[in-house]
Amino acid sequence: MPTIKIEDLPTVYNAGETEESIYKFWEENECFKADARSPKKPYSMVIPPPNVTGVLHMGHALDETLQDILVRYHRMSGYEALWIPGTDHAGLATQAVVERQIAKEGLTRHDLGREKFLERTWEWTNQHKGAILDQMKRLGASFDRSRERFTFDEGCSQAVKEVFVKLYEKGLIYKGAYIVNWCPRCQSAISDVETEYETEQGHLWEISYPLKGESGAIIVATTRPETIFGDVAIAVNPTDYKYSELIGKTVVIPLTGREIPIIADEYVDKSFGTGAVKITPAHDPNDFEVGKRHNFKPIWVIDGEGKMKACGEVPSNLHGLDRYEARKQIIKMLEDNHSLLRVKDHEHNVGKCQRCNTTIEPLLSEQWFVKMEPLAKEAIAAVKDGRIKFIPERWEKNYLGWMENIRDWCISRQIWWGHQIPAYYHKVTGEMVVAKENPDPENYIQDTDCLDTWFSSGLWPFSTMGFPNAETEDYKKFYPTTTLVTGFDIIFFWVARMITMGLEFTGKAPFGTVYIHGLIRDEKGQKMSKSKGNTIDPVVIIDKYGCDALRFTMTSLCTYGGQDIKISDERFEYGRNFANKIWNASRFVLMNLDGVDNNDIDFSKLTLADKWILDKLNNVAKEVNTNIENYRIGETAHVLYDFFWNSYCDWYVEIAKVQLQDESIKLNTQRVLRYVLDMSLRLLHPIMPHITERVWQLIPKESEFKAIMLADYPVYQDALSYPTEAREMELVFETIKSLRNVRQSFNIAMSINFDIKIHAVDDEKPVFEAIESYIKRMAKVENISYAPASAPVPDKCATAVVSASKIAIPLENLIDFNAEIARQEKKLAKLEGERKSLEGRVNNPKFVANAPVELINQTKARIDEILVQEKAINDLISSLKS
RNA sequence: GGGUGUUUAGCUCAGUUGGUAGAGCGUCUCCCUUACAAGGAGAGGGUCGGGGGUUCAAGUCCCUCAACACCCACCA
């Protein structure tokens, strides 16, 4: 690396330039590559694979940042850290993209045929597969691209087949006709978790079904009159006296005249609508159940495109009509027929396809399912017995609640892009064989359906490690993974399925900890979405503020409780300013290092301030380690921010400027400055990787280290603990602060130096003498003289009370006595208030009896301290008044 | 209908076992002090949503009410 003159570095940190070159440096040196043969303890993680169709958004930025912090921290803490990246083939989403593309050529996938269409989709996928991971490089993600995987690659496909066949053989996968959530736009079944409910303003139509062979009718309420042709019965509650005489009778469906019976079923709610329900087993899940109980044959009247079926039950004028158009026509027909008695407004929940927001059509069809209950047992046990821990804990309840009421998982999708179901049918006999490979391609054809994308992502933690081969080096070294980091929105979709599949097929929980963070929202707390136009593009933020600024800001907004995070563009100024602070403080230190290339501090020469900052750093290191290990990442950011800015920059660096003037301690001060900077950078590195790496490489070193990201992470050391000195240092701070306070109160410019006289109590005098140089420099004091504590404060003085001593500042022509008296009285009132509340406590016998001794002594000591100060202030006030 | 979360300074939010309320931003003063004005120094600002309880002591534990947010289940 060419020699860089620190003085030539810009005074404003240039994030963009730095980040690109630093990331390249890491990649070129293969810093992210994990070694399966390493003797170090493993720390492993898999990325929640983003969709290949995906574009980087703020949710990724948060998720990837948190993962990267954990990986970098463990890598520096002596673990062999592996983070596997990859992407999800995203069945429906990707297929939709390619379909849109070929639509421009005027083609549908059916025009191309399955094979050609898949070719096109692979082509598209291969072009875009790496794109989102490339974007994630801008986040500084230290994942191992040499191990990059894809949920539809050869290895994952093998894993899927293995799992499918085994589950089938165990009887845990079955095929059957059930009501599924059908998306007429995607033209595929979707699972329960892919369905979202929205409240919609609809109508409740009351339709009269005349009784057969006698006068009278039964009135039925429905929200979906277009399903009328699929009715197989009218159901009433068996205990409903209104209808008891009608049960068993026959009614006639208006418009078609088909005859159906009136039956009794518990399912019917007497108080809703008219208390009578039409039963349409082919198009409603509850009706399907009722139909099954009463042995009715379902009648399909709506097809997979959401259009009225061209069948005998449906009047021919409606054939092929869209369901909503048909509804209008049917209502009109019923009106004409005088069968429609009433229309009421009715608010109800309508299921929507999560992907395209199309209203789903409950449709009876033949699909593949995974029987979840037997699998859920172990998945529940693993969380209950602590093999898997959720952070924060409350998600455990959420997970368990879902698992304990688990429903079978519809895994077949009527799409082409994805893992084709490994079931084969004999062309003639129709006999079905489930196997990894086609037993006889001459005579058998494969099931045309594909599997739900989440089926393959459910295997991700072990399919990426080589499964079904359990003998690969990666599998042996890195499986199971240590932590899984994700948002709560995919606990059911993904986390739950990885747990069930992992336990079933590897016998191990796929990860020990599930760290759930909040979701990113806009400044008003609304979900970010393209349609709302309230999205913030992480790349734009990175360009504007820098990646480290983005990471630091996000991290500092993470709470342990995993609250959602509201962000706006300006919030990132916080991280940018901090990065700039790091940059400039580092520049100062580097400019004053005179080439000092080691941290060999001479401990016999440490000053009070040196010991204080070392003690502080030591405690910060301890806190940071504990915090990260307990997933208190936001807290980590706060601790480091406070230490670096408020302790190191605002106090120690300022003090060091004084110490650097003193030749006898100059070198040691340089070493302390260097050491604390070095360690601070390491502590900050997991959160702000680029700037720390950049600065760290500028620090002169006796031997060339490769990178800060491979350096040791600082830990607490007993040898660096100076609690006594740390407390003594408080006197320095207190003195300087009160002098600054006086300066401000009397409007004395920083350019004007003043003299002070310290009325020191005996045991504090030597301490004041020891810290004179700090006081002079940092409070802009010219001369310091001393007087006995008992001596009266001279006239025309502003006074500061510090600890038990008084400091008098002669202000000749400047003093406004009344202002000074008011200032002191205000301070006195505050002290008195505190003292009284403390005295009330100490005088309470119950407090004395119950409170810890430590607290009692502490309280008493504080009261004594206040008394001393009060006396000092009172003396002052009376001398001012006279 | 069931569940979870939130309510603390003007704004956005921290606050680990109960022990004298914190940060960032914003506001007001002063300052280009030779790392940094994306900076430095200082100030002001809160009866911790309402009510009740436990305790010597409650932002923190218990009960209750209210408002908001979200999740699950779904009634034709």
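Below, all heavy atoms of this structure are taken into account, side chains as well, without hydrogens, waters or symmetry copies.
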_Please identify which of these residues, A:Asp548, A:Leu684, A:Ile582, meets the side-chain contact (heavy atoms from CB on, under 4.5 Å) condition with A:Thr692._
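Option passing the side-chain contact (heavy atoms from CB on, under 4.5 Å) with A:Thr692: A:Leu684.
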In whole angstrom, give me the gap between the [atom1] atoms of [N] and [M].
N     : M     : atom1 : result
B:C62 : B:G18 : P     : 11 Å
B:A57 : B:G40 : C1'   : 40 Å
B:C72 : B:U16 : C1'   : 31 Å
B:G22 : B:C48 : C1'   : 12 Å
B:G2  : B:C65 : P     : 13 Å
B:U47 : B:C32 : C1'   : 43 Å
B:G59 : B:U7  : C1'   : 12 Å
B:G46 : B:C71 : C1'   : 33 Å

*Tell me, with the steps shown, if A:Leu341 and A:Trp205 meet side chain to side chain contact (heavy atoms under 4.5 Å, CB included).*
CA-CA 8 Å; A:Leu341 302 183; A:Trp205 285 277; over 6 Å; no
Under 3.5 Å, side chain of [X] to main-chain N/O of [Y], donor-acceptor pair present?
X        : Y        : value
A:His638 : A:Ser556 : yes
A:Thr222 : A:Arg224 : yes
A:Glu200 : A:Glu347 : no

Could you write out each protein N or O paired with an N or O of nucleotides 54-60 of chain B at a distance under 3.5 Å?
residue : atom : partner  : partner atom : Å
B:C56   : O2'  : A:Asn844 : ND2          : 2.8

*Could you please spell out the steps behind the salt bridge (charged side-chain N to carboxylate O under 4.0 Å, His left out) verdict for A:Lys397 and A:Glu404?*
CA-CA 10 Å; A:Lys397 229 178 150 180; A:Glu404 280 160 2; over 6 Å; no
[X] [atom1] - [N] [atom2] separation (whole Å):
X        : N     : atom1 : atom2 : result
A:Lys622 : B:U16 : NZ    : C1'   : 14 Å
A:Asp569 : B:A38 : CG    : C1'   : 14 Å
A:Tyr641 : B:C13 : OH    : P     : 18 Å
A:Tyr243 : B:A76 : OH    : P     : 16 Å
A:Leu557 : B:A23 : CG    : C1'   : 12 Å
A:Leu519 : B:C70 : CG    : P     : 12 Å
A:Asp489 : B:A69 : CG    : P     : 19 Å
A:Lys566 : B:A14 : NZ    : P     : 10 Å

Is there a Watson-Crick or G-U wobble partner for [N] with both distances under 3.5 Å, and if so, which one is it?
N     : answer
B:C36 : none
B:G1  : B:C72
B:A41 : B:U29
B:G18 : none
B:U6  : B:A67

Is there a side-chain contact between [X] and the phosphate of [N], meaning an N or O under 4.0 Å from OP1 or OP2?
X        : N     : value
A:Thr559 : B:A14 : yes
A:Trp645 : B:G40 : yes
A:Asn405 : B:C72 : no

Counting the atoms with a prime plus P, OP1 and OP2 as sugar-phosphate, which does [X] contact under 4.0 Å by heavy atoms, base, sugar-phosphate, or nothing?
X        : value
A:Trp205 : nothing
A:Phe272 : base
A:Gly275 : base
A:Arg394 : sugar-phosphate
A:Tyr197 : base
A:Glu573 : nothing
A:Arg743 : nothing
A:Ser837 : nothing

*salt_bridge(A:Arg862, A:Glu865) N-O dist < 4.0 Å*: yes
*Is A:Arg632 positioned over the aromatic face of A:Tyr560, cation under 6.0 angstrom from the ring centre and no more than 45 degrees off axis?*
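Here A:Arg632 passes the 6.0 Å and 45° test against A:Tyr560.
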*Geometric cation-pi criterion, A:Lys657 with A:Phe588: 6.0 Å, 45°*: yes
*List the steps and the verdict of side chain to side chain contact (heavy atoms under 4.5 Å, CB included) for A:Ser837 and A:Arg841.*
CA-CA 6 Å; A:Ser837 98; A:Arg841 186 184 293 189; 5.8 Å; no
*A:Lys397 has a side chain; which of B:U12, B:G3, B:A76 sits nearest to it?*
B:G3
*asked:* By nearest atom, which of the nucleotides B:A38, B:A76, B:U6 is closest to the A:Val268 side chain?
replied: B:A76
Ring centres under 6.0 angstrom apart ([X], [Y]):
X        : Y        : answer
A:Phe390 : A:Tyr399 : yes
A:Tyr641 : A:Trp645 : yes
A:Tyr574 : A:Phe552 : yes
A:His517 : A:Tyr631 : no

Pick out the pairs of N or O atoms, protein on one side and nucleotides 32-35 of chain B on the other, that lie under 3.5 Å.
residue : atom : partner  : partner atom : Å
B:A35   : OP1  : A:Lys657 : NZ           : 3.2
B:A35   : O2'  : A:Asn584 : OD1          : 3.0
B:A35   : O2'  : A:Arg587 : NH1          : 2.6
B:A35   : N7   : A:Lys657 : NZ           : 3.3
B:A35   : N6   : A:Cys649 : O            : 3.4
B:A35   : N6   : A:Glu654 : OE2          : 3.2
B:A35   : N3   : A:Asn584 : O            : 3.2
B:A35   : N3   : A:Ala585 : N            : 3.2

*5' precedence on RNA chain B between A:Glu635 and A:His346 (nearest-nucleotide basis)*: A:Glu635
Protein-nucleic acid N or O pairs under 3.5 Å, nucleotides 42-47 of chain B:
residue : atom : partner  : partner atom : Å
B:A43   : OP1  : A:Asn741 : ND2          : 3.1

_Check against salt bridge (charged side-chain N to carboxylate O under 4.0 Å, His left out), A:Lys270 and A:Asp240_ = CA-CA 7 Å; A:Lys270 283 184 279 189; A:Asp240 193 341; over 6 Å; no
